*Asks:* 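Got a structure here, written out as C-alpha cells. Questions coming.
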Amino acid sequence: MNWSVLKEHKERLANARIEGLFASDRGRAEGFCAQAGDLRLDYSKTLIDDGARAALLDLCRAAGLDRARAAMFAGAPINDTENRAVLHTALRNLDGGPVLVDGVDVMPGIRETLARMADFAGTIRSGGRFDDVINIGIGGSDLGPAMVTAALAPWQDGPRCHFVSNVDGAHVADTLRGLDPRRTLVIVASKTFTTIETMTNARTVRDWMTAGGGDPARQFAAVSSARDRTAAFGIDPAHVFGFGDWVGGRYSVWGPVGLAPMIAVGAEAFHAFLQGAQAMDLHFRTARGADNLPVMLALTGIWHHQVMGHPTRAVLPYDQRLALLPGYLQQLEMESNGKGVTRSGAPLEGTAGPIVWGAPGTNGQHAFYQLIHQGRQVVPCEFMVAARGHEPDLDHQHRLLVANCLAQSQALMRGRTLDEARALLAGRYQGEELDRQARHRVFPGNRPSVTFSYPQLTPFTLGQLIAAYEHRVFVEGVILGINSFDQWGVELGKELATALQPAVDGDAPPEGLDPSTRALLAHLRQHRG
Ligand code: F6P
C-alpha cells in the first residue's frame with residue numbers, strides 16, 4: 001500500500017487549523033458529512049480536506065475495497081486462517097435474497113431460528129412464569145446483548161435481564177442475590193460452549209437453581225453452534241438456538257446471541273434493530289465514494305491513526321443508554337484489528353487498529369476530558385447525540401446534554417490562545433502572575449472529532465450505528481491487508497491459565513516457570529489461608 005501520498009497531505013496540512021478549513025470552504029459543514037437514512041456523520045471538525053479525502057478514497061480503491069466487500073457479502077471464506085465465511089450480514093438480510101455458503105442458501109435456516117426465538121421470547125414475556133433472565137456469556141456473547149438491552153431500555157417491558165460474564169465468583173454471586181431460583185430463566189450463550197468462564201458460571205447457576213427448588217431442565221436455554229455440547233449439559237434441544245460458524249462472536253448480536261434483548265424488548269423492537277442494520281448494509285454496498293458513511297468513518301480512523309499517528313480514539317456517546325457502547329466497540333475494533341501481521345503473515349509495517357476507549361458524556365467531562373483538551377497527546381473523539389430523548393418531561397435535561405456535546409467538539413477545535421486567556425484574567429492578575437495563570441488556561445485546540453447525530457435512539461438507529469461500526473472495522477482491515485475476523489491473540493493466555501491451574505490449586509509449580517510468576521504464585525498461596 002502506498003502511504004506516501006497521504007504522508008504528503010499530512011505535511012501539507014502540518015500548520016493548518018481546522019477552523020481555517022471552514023474559512024476557506026464555506027460548504028465544508030455540509031460537504032464533510034455522510035448521511036445514511038437519518039443517521040448523520042459529521043467529520044468536518046477534522047483536518048481532512050478535499051485533497052486528503054481524495055487520497056483516502058484512492059487508498060480504498062487501491063486496497064480493492066469493492067472486491068473485498070462483494071466477497072464478504074457473497075459468503076467467500078475471507079476469514080482465511082479459519083477458512084470461514086463472514087456472514088453476520090446474513091442474520092439481518094430479512095427481506096433480501098439467498099446467501100450461499102458452500103452452495104447452500106443459509107437464509108431459510110436463519111429465518112426459522114429467528115421465528116423460533118420470537119416464539120420462545122413471546123412465551124417467556126407473556127407466560128408470567130419468569131421475573132428475571134440471566135444471560136451467561138462473555139466477550140461477544142455478553143457485550144452485544146448487554147449493550148443492546150441497556151440501549152433499548154425505553155422498549156423494555158419483559159422480565160428483568162441480568163448479564164453474568166466474569167469467572168470471578170463475585171459477579172455471579174452478586175447477580176443471584178435476591179433472585180428466585182424458581183422464577184429465573186437462564187440463557188447460556190457461548191458459540192463454542194467450551195469457554196471456561198461461561199461453563200463455570202453455568203454450572204454454578206445450575207447448582208443454585210437445583211438447590212433452590214428450580215428445574216434447570218425447564219429453565220435453561222442455550223445459544224450456541226455446538227448442539228452436542230448443549231445436549232451433554234442437559235439443555236432441552238427445544239431451548240437451543242444455533243448459528244453457523246460464519247458468524248464471529250463479536251458480530252453475533254444479530255442472531256440467537258440477541259435472545260436476551262429480544263426477551264427484554266420483544267420481537268418487534270428486535271426486528272427493527274435488525275432492519276436498521278440491514279439498511280446500513282444496503283447503504284454500505286451502494287453509496288459511492290464520500291457518500292458512504294461507514295467508508296468515511298473508516299477513513300477518519302485511518303487518517304487519525306495511521307497517517308497522523310494518534311494512538312487512541314475515544315467513543316463519547318452523549319446518550320446514557322449507550323454507556324456500554326465503548327466496551328462493546330473495544331471488542332469489535334480491538335479484537336478484530338489489533339493484529340501484528342498481514343494476511344500473508346508478513347509483519348505489518350505500521351500499527352493496525354488503535355486503542356479504543358471512552359465513556360458517556362457528560363460524565364467523562366468530569367473525569368478525563370482534562371487530558372483530551374490540554375494533555376500533550378491528541379485523542380480523536382467520536383461523539384454521538386440524539387435530537388430527542390425519551391423523557392419528554394425532562395426535555396430541559398436533554399437540551400443541556402446536547403449543548404454539552406456540541407460545546408465539547410467546538411472547544412476541541414477552537415481551543416483558547418494565550419492572549420484570550422490573558423484577556424479573561426486581566427481584572428484578577430497582573431504582570432508575571434497574569435502570565436503564569438493565563439498559561440494554565442490555554443487550550444491548544446485544533447483537535448479532531450467526528451459527531452454522529454440522529455433523531456432519537458431507537459432500535460432502528462441502534463442497528464444502523466452498530467452496523468456502521470462493523471463495516472468501519474472491515475474497511476480498515478481491508479486497507480491494512482489484515483484478517484479482521486480471527487482472534488489468535490486471545491489463545492496464549494488461555495493456554496497458560498490452564499497450565500497454571502494445578503499450581504494455583506496447590507500442586508508444585510510447572511517446570512521452567514519464570515521467577516516473577518513463581519513468586520506471585522507463592523505470595524498468593526501463602527495468603528490463601
Ligand atoms: O476469547 C475470545 C472469544 O473467543 C471471543 O472472540 C468471543 O466473543 C468470546 O471468546 C466468547 O466465546 P464463546 O461465545 O464461544 O463462549
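Here the structure is a predicted model, which means the values were calculated and not measured. Residues take their numbers from the sequence shown, with the count starting at 1. These numbers come from the heavy atoms of this one structure, side chains and all, not from hydrogens, waters or symmetry mates. Every number for a ligand or one of its atoms is a count from 1 in the order of the listing.
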*Asks:* Applying ring-ring contact (aromatic ring centres under 6.0 Å, His included), can you list everything that pairs with F474, at least two apart in sequence or on another chain?
*Replies:* none
*Asks:* Tell me, which residues have any heavy atom less than 4.0 Å from some atom of ligand 1?
*Replies:* I138, G139, G140, S141, S190, K191, T192, T195, G249, Q331, E335, Q487, V490, K494
*Asks:* Could you tell me whether R84 sits above the aromatic face of F485, with NZ or CZ closer than 6.0 angstrom to the six-membered ring centre and within 45 degrees of the axis?
*Replies:* no
*Asks:* With a 4.0 Å cut-off, would you call R125 and E268 a salt bridge?
*Replies:* no
*Asks:* Under 4.0 Å between a side-chain nitrogen and a carboxylate oxygen: does that hold for D174 and R177?
*Replies:* yes
*Asks:* Going by an N to O cut-off under 4.0 Å, is there a salt bridge joining E476 and R472?
*Replies:* yes
*Asks:* Taking atom CZ of R218 as the centre, report whether more than 12 heavy atoms of other residues, nucleotides or ligands fall under 6.0 Å from it.
*Replies:* no
